[in-house]
Amino acid sequence: MKKLMIVAALAAVWTAEAKVAFAPVFGDKMVLQRDMPVRVWGTADPGEAVKVSFAGQSRETKACAKGKWMVELGAMSACKEGRTLAANDEVLKDVLVGEVWFCSGQSNTDCPIWGGGPRYRDGQGAMHIAMTVKPWVRLVKTPLVMATEPKLDVKAEWTPMTPQAMEQMARKPSAMGYYYALELANALDIPIGLVDSSWGGTNIDAWTPRSGYEGLKDLDEERNWKVVSQKDWKAEMRKGPIGGAIQQPSALWYGMVAAYTPMSIRGFIWYQGCHNAGEYQRYANKMHALYNGWAKEFKNPDLKLYFVQLAPWGNPGIAYIQEAQAQFDREEKNAGMAVINDVGNLADIHPNDKRTVAKRLALHALKRDYGYSWLNDNSPTLKSWKVEGDKFVLTFNDAKGWYVYNPDRSVQTGFEVCGEDGKWVKATIENLAWGKGRDGKPKCDGNIKGTDLVVKADGVAAPKKLRYMYSAPWFGCLYNEMNLPLGAFHIGD
């Protein structure tokens with residue numbers, strides 16, 4: 001009898017300790033993705049029965065031999081009403097349904113909405129934090145952690161977009177991510193969840209899962225890289241953009257993203273490239289690896305990637321990596337690129353106007369995902385060209401009209417032309433709409449006649465090549481009717 005009592009007591013203790021738990025990335029105040037099946041997972045004792053309930057749905061399963069479980073809830077409509085998500089006795093409160101996005105990249109993604117130094121934060125962030133009260137928008141700032149294998153205990157703290165809640169965050173969210181979530185919330189009037197996993201000074205390789213390299217050529221070194229811990233990193237391991245432990249291929253994917261997979265999300269926004277600027281020939285391929293890997297690991301073949309083309313910061317070779325980014329944009333149907341060469345800062349690699357960046361990213365989402373069919377979300381891209389005498393005639397996609405805008409009211413642009421001698425000469429747009437000012441002198445307000453651009457360089461009678469944005473100051477000043485700037489390109493090679 002005494003032995004039976006002891007066994008019963010031990011069983012009671014074991015039962016009490018056998019706790020069903022959600023994965024740490026699930027938490028109070030989180031947002032679940034609308035209009036697609038929602039995966040929910042966690043841990044329990046092997047074989048333990050788990051019942052997950054939310055919004056009138058319930059799903060049952062058992063934990064596997066490793067103590068893991070997962071269920072899939074049916075697609076749900078957006079809802080601002082906070083409801084409970086339960087797994088047995090484990091309960092999460094104030095859970096919403098809406099649109100869920102990630103934002104990732106290096107310092108221009110990580111750049112906070114406010115806090116820190118005046119050269120590394122958004123220029124208007126304090127004002128926007130103080131005036132924005134949208135408790136149904138929820139933000140996560142992922143801790144800075146690298147890992148040598150998937151780190152699954154990352155805890156997500158979902159913070160409402162209110163002045164009081166933002167004040168309590170030890171690390172403020174990405175300015176780009178904050179504004180992106182705000183733009184979507186203003187346009188859609190539904191809950192928005194945004195997970196910010198970003199780290200300054202990092203390369204694209206660190207954020208790429210190994211599965212992303214499958215089928216891609218010339219990336220064997222990154223695919224086969226053995227990640228070592230920070231304490232085991234040695235200077236002689238450096239190679240190209242891999243200059244430190246946190247820059248090793250997949251190291252930040254393991255430490256800051258893998259724990260969220262396979263969460264149901266709409267897509268991710270991305271701002272990175274400065275750290276890989278020296279290998280522009282390989283960058284488009286690396287972006288394919290990044291996208292392919294994220295789509296596979298999040299189990300979403302329609303995952304969207306809206307990314308930022310680099311802004312000018314004084315790098316004389318910036319046009320090369322800008323064109324590599326544009327190449328990836330052309331090649332990946334689920335991607336969209338925001339051109340921001342008009343908001344750079346030659347004195348600072350971190351331009352502090354992140355709201356313009358977010359607005360241009362949001363245009364892609366609104367047009368492609370949320371039914372704003374009337375929008376033009378693309379910057380102009382070259383469609384065709386020809387030479388007529390001493391002029392280039394350029395025809396573009398996504399340009400129903402053109403105008404030039406320079407702060408000094410000039411109509412100079414970044415075009416250059418060369419002939420057989422290979423000497424580049426600054427060129428002008430010949431079909432500007434000139435009129436007369438009050439003083440009777442010729443005047444142009446920046447408008448351009450027609451939808452083509454006619455470009456000519458004095459002294460180049462037989463033009464062979466043309467390039468745009470390849471010389472200082474690298475700032476864009478040519479816009480289409482949607483106020484979206486033309487990006488760098490070259491022709492004639």
Side-chain angles (χ1 to χ4, degrees), residues 22 24-34 38 54-55 76-85 91-104 109-118 120-144 154-198 256 260 263 265-269 352-359 361-362 365-366 370:
F22 289 101
V25 294
F26 290 83
D28 294 340
K29 300 182 176 64
M30 76 176 302
V31 180
L32 302 177
Q33 176 63 46
R34 67 166 177 168
V38 172
F54 180 74
M76 296 171 282
S77 299
C79 182
K80 290 182 182 178
E81 176 190 349
R83 295 175 287 190
T84 57
L85 174 63
V91 177
L92 304 180
K93 299 176 182 179
D94 193 15
V95 176
L96 309 180
V97 179
E99 287 293 312
V100 183
W101 288 82
F102 256 76
C103 77
S104 192
T109 304
D110 187 48
C111 182
I113 187 68
W114 193 244
Y120 190 58
R121 64 188 182 203
D122 183 76
Q124 305 293 327
M127 177 177 66
H128 284 285
I129 287 177
M131 67 188 292
T132 302
V133 182
K134 292 192 182 297
W136 32 273
V137 178
R138 311 287 171 82
L139 307 171
V140 172
K141 186 70 175 178
T142 304
L144 300 177
V154 174
K155 183 171 177 57
E157 295 185 7
W158 296 79
T159 304
M161 188 182 280
T162 66
Q164 297 78 15
M166 290 291 104
E167 181 66 27
Q168 297 301 314
M169 291 186 74
R171 293 178 61 233
K172 298 296 185 285
S174 157
M176 180 181 81
Y178 180 99
Y179 285 132
Y180 184 77
L182 181 59
E183 293 294 335
L184 295 188
N186 287 340
L188 304 177
D189 194 29
I190 63 171
I192 305 294
L194 185 127
V195 178
D196 170 12
S197 292
S198 53
M256 297 177 66
Y260 295 94
M263 184 177 284
I265 66 173
R266 183 68 62 190
F268 67 110
I269 55 175
N352 67 359
D353 174 10
K354 292 297 189 282
R355 187 156 197 190
T356 299
V357 176
K359 278 181 175 290
L361 290 170
L366 294 175
Y370 302 127

Does some side-chain heavy atom of M30 sit less than 4.5 Å from a side-chain heavy atom of F22?
-> no

Is M161 close to I192 at the side-chain level, that is, under 4.5 Å between some pair of heavy atoms?
-> no

Hey, could you give me each pair passing salt bridge (Lys or Arg N to Asp or Glu O under 4.0 Å) that has a residue in residues 167-178? Not counting sequence neighbours.
-> D110-R171

Minimal heavy-atom distance between A156 and V25, with the atoms involved, is CB-O, 3.5 Å

How many angstroms lie between CG in L194 and CH2 in W158, if you round to the nearest 0.5 Å?
-> 8.5 Å

Heavy-atom check, side chain of M131 versus side chain of P163, under 4.5 Å = no

With sequence neighbours left out, the residues meeting ring pair (Phe, Tyr, Trp, His ring centres under 6.0 Å) with F26 are W41

Is a donor on one side and an acceptor on the other found under 3.5 Å between the side chain of R121 and the backbone of G116?
-> yes

Please report the closest heavy-atom contact between A185 and W136, naming both atoms and the distance.
-> CB-CZ3, 3.7 Å

Looking at side-chain heavy atoms only, is the closest gap between L366 and L188 below 4.5 Å?
-> yes

Starting at NZ of K141, measure out to OG of S174 and round the result to the nearest 0.5 Å.
-> 6.0 Å

Which distance, rounded to the nearest 0.5 Å, do you find between the CD of Q124 and the CG of N352?
-> 8.0 Å

Correct closest heavy-atom pair for C103 and G177 would be SG-CA, 4.0 Å

Rounded distance (nearest 0.5 Å) linking atom CD of E157 with atom CG of D28 = 10.5 Å

Can you list the residues that meet the side chain to side chain contact (heavy atoms under 4.5 Å, CB included) rule with S197, with sequence neighbours excluded?
-> F102, T142, V195, W207, M256, V257, Y260

Answer yes or no: is there a side-chain heavy-atom contact under 4.5 Å between L139 and D196?
-> no

Output all residues satisfying side chain to side chain contact (heavy atoms under 4.5 Å, CB included) with R83, sequence neighbours left out; order by chain, then residue number.
-> F54, A55, C79, E81, V97

Qualifying side-chain hydrogen bond (donor to acceptor under 3.5 Å, both in side chains) pairs with a residue from residues 176-189, counting only residues at least two apart or across chains = K80-D189, D122-Y179, K134-N186, E183-R355, E183-K359

From CA spacing to verdict: side chain to side chain contact (heavy atoms under 4.5 Å, CB included), V95, L32 | CA-CA 7 Å; V95 176; L32 302 177; 3.8 Å; yes

Sorted by chain and residue number, the side-chain hydrogen bond (donor to acceptor under 3.5 Å, both in side chains) partners of D94 (sequence neighbours excluded) come out as R138

To the nearest 0.5 Å, tell me how far H128 NE2 sits from L182 CG.
-> 8.0 Å

Residues at least two apart in sequence or cross-chain that pass side-chain hydrogen bond (donor to acceptor under 3.5 Å, both in side chains) with T356, listed by chain then number, are D353

Check for a donor-acceptor pair, side chain of T162 on one end and backbone N or O of P135 on the other, with a separation under 3.5 Å.
-> no

For the residue pair T109 and S104, what are the closest heavy atoms and their distance?
-> OG1-O, 3.2 Å

Pairwise side-chain contact, P173 with M166, heavy-atom cut-off 4.5 Å (strictly under) = yes

Residues at least two apart in sequence or cross-chain that pass side chain to side chain contact (heavy atoms under 4.5 Å, CB included) with A126, listed by chain then number, are W114

With sequence neighbours excluded, tell me which residues meet side chain to side chain contact (heavy atoms under 4.5 Å, CB included) with P24.
-> K155

